[in-house]
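Everything quoted here is computed from the prediction, not taken from an experiment. These values consider heavy atoms only, across backbone and side chains, with no hydrogens, waters or symmetry-generated copies.
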Amino acid sequence: MTQQRAKLRTRVPARLAASAVLALSLTAGAVATTAPAATAAEMPCKPRVYYYVYKSSGVNFRTGPGTGYKSKGILHKDDWGKKVGTKGSWIKLKLGQKSKSGLAKGTTGWVSKSYVSDCTPMQLD
């Protein structure tokens, strides 16, 4: 009987350790999948400086801060740019790469803040 107890004592810590590793890897996997699709190589991450479109359908990239201004084109999910100005509920962006609709890198325009979000660095402890 004592030999069986000794075997159980060595198995339990190993099983607990394996369970802990599995739980941590699942948690880390879930965190990684919630990050924006743009990679760090594509979009620098500096909160309140770089912004990306998070709405799935296209949004207008306008010549001025309001719906009365002409659209330069459409921005799609994960298009991004550097903030160069704000006015009310509008943000002026300078595109950091060619947009999915074909707008050139460096193009400036206005988009409603309700369609964009700044990047948020992830802290993995």
Is it the case that one hydrophobic cluster holds both [X] and [Y], taking links as side-chain heavy atoms less than 4.5 Å apart, direct or via other members?
| X | Y | value |
| --- | --- | --- |
| Y69 | V59 | no |
| L103 | W110 | no |
| I91 | Y115 | yes |

How long is the span from the [atom1] atom in [X] to the [atom2] atom in [Y], to the nearest 0.5 Å?
| X | Y | atom1 | atom2 | answer |
| --- | --- | --- | --- | --- |
| K83 | D118 | NZ | CG | 8.5 Å |
| S117 | W80 | OG | CH2 | 15.0 Å |
| K72 | S99 | NZ | OG | 11.5 Å |
| H76 | S57 | NE2 | OG | 9.0 Å |

- request: Verify the neighbour count for atom NZ of K113: are there more than 12 heavy atoms of other residues, nucleotides or ligands below 6.0 Å?
  value: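 Above 12, so yes.
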
Any donor-acceptor pair under 3.5 Å linking the side chain of [X] with the backbone of [Y]?
| X | Y | result |
| --- | --- | --- |
| T107 | L95 | no |
| D79 | K100 | yes |
| K77 | Y52 | no |

How close do [X] and [Y] get, counting heavy atoms only, and between which atoms?
| X | Y | result |
| --- | --- | --- |
| K94 | V84 | CB-CG1, 4.1 Å |
| Y51 | L93 | CB-CD2, 4.0 Å |
| F61 | L75 | CD1-CD1, 3.4 Å |
| K105 | G96 | CE-O, 3.3 Å |

task: Just grab all the side-chain hydrogen bond (donor to acceptor under 3.5 Å, both in side chains) pairs involving residues 59-68, residues at least two apart or on different chains.
output: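 Those involving residues 59-68 are N60-S71.
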
task: Using the side chain to side chain contact (heavy atoms under 4.5 Å, CB included) rule, take T108 and K92 through it: C-alpha gap first, then chi angles, then the decisive distance, then the call.
output: CA-CA 7 Å; T108 59; K92 187 174 186 180; 4.0 Å; yes

